[in-house]
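We number each residue from 1, following the sequence as shown. Side chains included, hydrogens not; waters and symmetry mates left out as well; all remaining heavy atoms used.
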Amino acid sequence: MIISQAIIHRFMYKGSARGFTLVELMVTLGLFTLVITLATGALFSAQAINARLQQTQVILDGVNLATEIIGRDIRYGTSFSCVSATSSPIASMARQSCTDGDVIIVFRPAVPLTSANSTSDRVAYFRGSDGAIYKQEYPEGSPSASVLKMTTPDVSISTLTFYVVGASAIPIDYNQPVVTFSIAGITRPAKQNVPAVRFTLQTSASSRQLDN
C-alpha cells in the first residue's frame, strides 16, 4: 500500500512540472524578433544621422575657417572701402564707409605685398560667380593681381555682404573702423545620402589701427 501511494505521488508531481507549449514558444520568439528588428533599425538610423551631421559639420568648419581668416586680415588692415566690381581702380581707392552694404571690401593689408612702396597695396574679398569666396591681392606697381580661393567646392555661397562704419576720409575721425560681413549659402555634400543644409552667419571685426 505504501509503494502504491509513492508511485501515485510521483506521477502527480511529474504531471505538474510540464514545459512550454508550442504556441507559447512561437509568441515569445515573435516578440523577441520584433524587439531586435526595432532596435537594429533605430541603431542604423542613429548611425546615418550621425554621419550626416559629421559631414555637415566638416563643411561648416571650412566656412568658419574662411571667416576667421577674413576677420583676422580686417583686424590688422587699414584704408577700408566697399565697391561693387573689382574693375574699379583698386590701388588708388580712397577709404570710405559703406553703411548700406556692398559685395566687395577693399583695404590695405598689414603685411606689404611687395618690397616696394606698399602704401598702394590693396586686398579685396568678394564672392565669385561659382559660389566661392575669393581673396584678390593688388601689389603696388604690379600689372596683375593674384587670386586665392578661400572656400572649398563642398559649399556654395549665395550672398556675401560687407558693411563698413567709421572709415570715411571726410570728416576725419579717430575711431577704429568696424567691418560687419554676412555670409549665406548651402552645403554641397559629397555623399548622396547627406542632405544639403542652408546656413547664414554674420561676424564683425574692428581694425586695430586708427584709419585716418
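From K135, atom NZ reaches atom CD1 of I69 across 8.0 Å, with rounding to the nearest 0.5 Å. Taking OG from S81 and CZ from R108, the interatomic distance works out to 13.5 Å, rounded to the nearest 0.5 Å. The structure places CG of L38 at 4.5 Å from CG of L34, a figure rounded to the nearest 0.5 Å. We find the NZ-CD1 distance between K149 and I133 to be 11.0 Å, quoted to the nearest 0.5 Å.
At least one donor-acceptor pair closer than 3.5 Å links the side chain of D121 to the backbone N or O of L113. Judged purely by atom type and a 3.5 angstrom limit, S79 has no side-chain atom pairing as donor or acceptor with the backbone of F107. Of the possible donor and acceptor atoms, one in the side chain of S158 sits under 3.5 Å from a partner among the backbone N and O of A184.
Counting heavy atoms from C-beta outward, S206 and V178 have side chains that approach closer than 4.5 Å. Side-chain contact check for F162 versus I104: every heavy-atom pair is 4.5 Å or farther apart. The side-chain heavy atoms of I157 and M150, taken from C-beta on, include no pair separated by under 4.5 Å. The shortest distance between side-chain heavy atoms of V179 and F80 falls below 4.5 Å. With contacts defined as side-chain heavy-atom distances shorter than 4.5 Å, the pair V106/Y138 does not qualify. Annotation: side chain of L60 is not in contact with side chain of L201 (no heavy-atom distance under 4.5 Å).
Across R127 and L160, no two heavy atoms sit closer than the pair N-CD2, 3.8 Å. Taking both residues in full, the closest heavy atoms of T151 and A66 are given as CG2-CB, 4.1 Å, listed atom of the first, atom of the second, then distance. The two residues P195 and P189 make their nearest non-hydrogen contact at O-CG, 3.6 Å. Taking both residues in full, the closest heavy atoms of C82 and D102 are given as CB-CB, 3.6 Å, listed atom of the first, atom of the second, then distance. In terms of heavy-atom proximity, G101 sits nearest to T161 at CA-CG2, 3.9 Å. Of all heavy-atom pairs spanning A205 and R75, the tightest one is CB-CG, 4.1 Å.
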**Request:** Decide yes or no on side chain to side chain contact (heavy atoms under 4.5 Å, CB included) for T203 and I70, but give the supporting numbers first.
**Result:** CA-CA 10 Å; T203 186; I70 298 173; over 6 Å; no
**Prompt:** Yes or no on side chain to side chain contact (heavy atoms under 4.5 Å, CB included) for Y125 and I74, after CA distance, side-chain angles and deciding distance?
**Reply:** CA-CA 10 Å; Y125 280 101; I74 289 174; 5.7 Å; no
**Prompt:** When you look at Q202 and T180, which way does the side chain to side chain contact (heavy atoms under 4.5 Å, CB included) test go after all the steps?
**Reply:** CA-CA 7 Å; Q202 178 176 301; T180 300; 3.8 Å; yes
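Clustering ILVMFWY residues whenever any of their side-chain heavy atoms sit less than 4.5 angstrom apart, transitively, puts V63 in the very cluster that holds L65. Each of I183 and Y163 belongs to its own hydrophobic cluster when Ile, Leu, Val, Met, Phe, Trp and Tyr are linked at side-chain heavy-atom distances under 4.5 angstrom.
Classified by interplanar angle (parallel below 30°, tilted 30° to 60°, perpendicular above 60°), the ring pair F126/Y134 is parallel.
In F199, the CZ atom is crowded: over 12 heavy atoms of neighbouring residues, nucleotides or ligands sit closer than 6.0 Å.
Under 3.5 Å, the side chains of Q176 and S207 contain no donor-acceptor pair of N or O atoms.
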